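In what follows, a structure is listed as structure tokens, so that the remarks can point back to it.
Since the model is a prediction, treat every value here as computed from it, not as a measurement.
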Amino acid sequence: MGEIEVLAKSGKLVAYFGYGSLVNRHTLRTNIVYAMPAKLHGWRRLWRASPREAGLHAALLSVRRDENSSVDGLLVFDYLENLAAVDLREENYDRRSVLPEQIETAMPFPDGMPIFVYEAHQSVPVHPQPPMILQSYLDAVMQGFLVEHGEAGLRRFVLKTEYFNTPIYRDRPSPTYPRAVKLSDKEIDMFDRLLEEVGANFTDPPDIDEAAITDVS
């Protein structure tokens with residue numbers, strides 16, 4: 001934690017709370033400093049429709065303010081110079097500031113650095129077609145929760161995320177999500193059994209123009 005403290009005092013460090021694919025360290029694309037499992041208080045996670053201009057009507061994971069709720073995730077400490085690249089990845093999201101006291105971690109972290117969470121755009125029209133959850137994206141998110149929060153955390157993600165009745169498109173054999181991850185047989189069995197248990201709605205994917213995909217995060 002020494003490097004984190006030095007960078008925070010020098011103004012060269014930022015932190016952001018990941019609650020979707022950012023929970024999976026395999027999807028991170030910047031040279032981060034550190035990351036730790038965390039809980040964000042005062043927000044609730046949900047699936048929502050992608051923006052109208054998106055090439056694909058894939059559902060986005062987002063959060064909304066809710067003082068009575070909390071969200072499991074990953075607190076990522078990154079270099080300030082990398083923030084523009086993270087903003088580009090999260091182009092369908094607005095970067096919101098959160099207070100240190102809203103973040104719960106097992107270990108303390110230094111003061112004096114900005115902390116953010118990304119919330120999907122609220123002021124843009126949504127895609128006219130009904131949203132769908134890409135299974136390749138969902139796999140990456142579920143793997144991240146399993147690693148960082150264990151089976152109990154994985155179950156909380158599924159049970160406490162609003163609108164999990166959104167149809168899930170089976171693109172696992174040919175992943176559409178650009179940061180798709182490799183699953184073990186054990187993970188596949190665990191994820192599929194959990195989704196079956198909660199009555200997830202699966203359907204086969206439509207013809208997709210992969211060149212038109214707008215990122216989900």
Side-chain angles (χ1 to χ4, degrees), residues 14-24 27-29 35 37-76 78 83 85-99 102-104 114-145 148-149 153-169 176-180 195 198 200-201 213-217:
V14 296
Y16 44 89
F17 181 84
Y19 54 83
S21 62
L22 287 173
V23 176
N24 192 320
T27 77
L28 302 179
R29 292 297 182 264
K39 186 183 294 289
L40 174 64
H41 296 288
W43 294 77
R44 178 183 291 274
R45 182 173 37 233
L46 70 155
W47 291 101
R48 59 159 294 151
S50 58
R52 176 184 293 274
E53 67 270 15
L56 179 66
H57 49 109
L60 306 175
L61 274 174
S62 186
V63 286
R64 63 175 177 83
R65 297 180 190 274
D66 183 342
E67 63 181 16
N68 297 315
S69 296
S70 60
V71 180
D72 291 328
L74 188 72
L75 186 62
V76 181
D78 206 342
L83 188 58
V86 182
D87 285 347
L88 182 60
R89 167 180 169 151
E90 307 299 311
E91 63 179 340
N92 290 317
Y93 294 74
D94 294 314
R95 175 158 44 89
R96 309 294 193 193
S97 295
V98 297
L99 300 173
Q102 293 179 277
I103 302 288
E104 177 185 343
I115 305 175
F116 303 110
V117 67
Y118 287 87
E119 179 184 13
H121 294 323
Q122 300 295 303
S123 59
V124 299
V126 297
H127 201 287
Q129 297 185 44
M132 62 181 184
I133 298 171
L134 298 177
Q135 189 176 24
S136 57
Y137 169 64
L138 181 58
D139 283 341
V141 178
M142 293 180 72
Q143 184 185 66
F145 274 95
E148 303 296 342
H149 292 278
L154 172 63
R155 179 173 289 272
R156 284 195 302 274
F157 162 69
V158 173
L159 294 178
K160 292 190 175 184
T161 301
E162 291 184 334
Y163 307 119
F164 230 109
N165 58 341
T166 302
I168 301 171
Y169 282 77
T176 306
Y177 179 55
R179 289 181 290 274
L195 293 172
V198 299
N201 179 19
I213 295 171
T214 298
D215 205 359
V216 293
S217 188

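A distance of 13.0 Å separates OH in Tyr163 from CD1 in Ile133, rounded to the nearest 0.5 Å. Taking CZ from Arg89 and OG1 from Thr27, the interatomic distance works out to 4.0 Å, rounded to the nearest 0.5 Å. Taking NZ of Lys39 as the reference point, atom CD of Gln102 lies at 14.0 Å (rounded to 0.5 Å). Separation of atoms CG (Leu74) and CG (Asp72) is listed at 11.0 Å; rounding is to 0.5 Å. Annotation: the span from Leu22 atom CG to Arg29 atom CZ amounts to 11.0 Å, rounded to 0.5 Å. Atom CG of residue Leu46 and atom CD of residue Glu119 lie 9.0 Å apart, to the nearest 0.5 angstrom.
A centroid separation of less than 6.0 Å is found between the aromatic rings of Phe164 and Phe157.
Within the 4.5 Å cutoff, no side-chain heavy atoms of Arg65 are placed close to those of Glu67. No side-chain heavy atom of Phe17 sits under 4.5 Å from any side-chain heavy atom of Ile115. With contacts defined as side-chain heavy-atom distances shorter than 4.5 Å, the pair Leu83/Arg95 qualifies. Two residues are said to be in side-chain contact when any heavy atoms from C-beta on lie closer than 4.5 Å; Ser21 and Tyr177 meet this criterion. With contacts defined as side-chain heavy-atom distances shorter than 4.5 Å, the pair Leu138/Trp47 qualifies. At least one side-chain heavy atom of His57 sits less than 4.5 Å from a side-chain heavy atom of Met132. In this structure, Val98 and Trp43 have side chains that are in contact, with non-hydrogen atoms separated by less than 4.5 Å. The shortest distance between side-chain heavy atoms of Val158 and Met142 falls below 4.5 Å.
When every heavy atom of Val23 is checked against every heavy atom of Glu148, the shortest pair comes out as O-CG, 3.7 Å. When all heavy atoms are compared, the tightest approach of Leu75 to Ala15 is CD1-CB, 4.0 Å. The minimum heavy-atom distance linking Phe116 with Ser97 is given by the pair CE2-OG, 3.6 Å. Between Ile103 and Ala38, the shortest heavy-atom distance links the atoms CG2-CB, 4.2 Å. Here the closest heavy-atom approach between residue Ser50 and residue Ala58 is recorded as CB-O, 3.1 Å. Smallest separation of non-hydrogen atoms from Ala120 and Leu60: CB-CD1, 4.3 Å.
A donor-acceptor contact shorter than 3.5 Å links the side chain of His149 to the backbone of Gly73. At distances below 3.5 Å, at least one donor-acceptor pair connects side-chain atoms of Asn24 with backbone N or O atoms of Ala140. Tyr19 places a side-chain N or O within donor-acceptor distance of the main-chain N or O of Tyr118, the cut-off being under 3.5 Å.
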Evaluation steps, side-chain contact (heavy atoms from CB on, under 4.5 Å), between Ile168 and Asn201
CA-CA 6 Å; Ile168 301 171; Asn201 179 19; over 6 Å; no
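Environment of CD in Gln122: crowded, with over 12 heavy atoms of neighbouring residues, nucleotides or ligands closer than 6.0 Å.
Just one residue in the list Ser69, Ser70, Ser62 forms a side chain to side chain donor-acceptor pair (under 3.5 Å) with Arg44, and that residue is Ser69.
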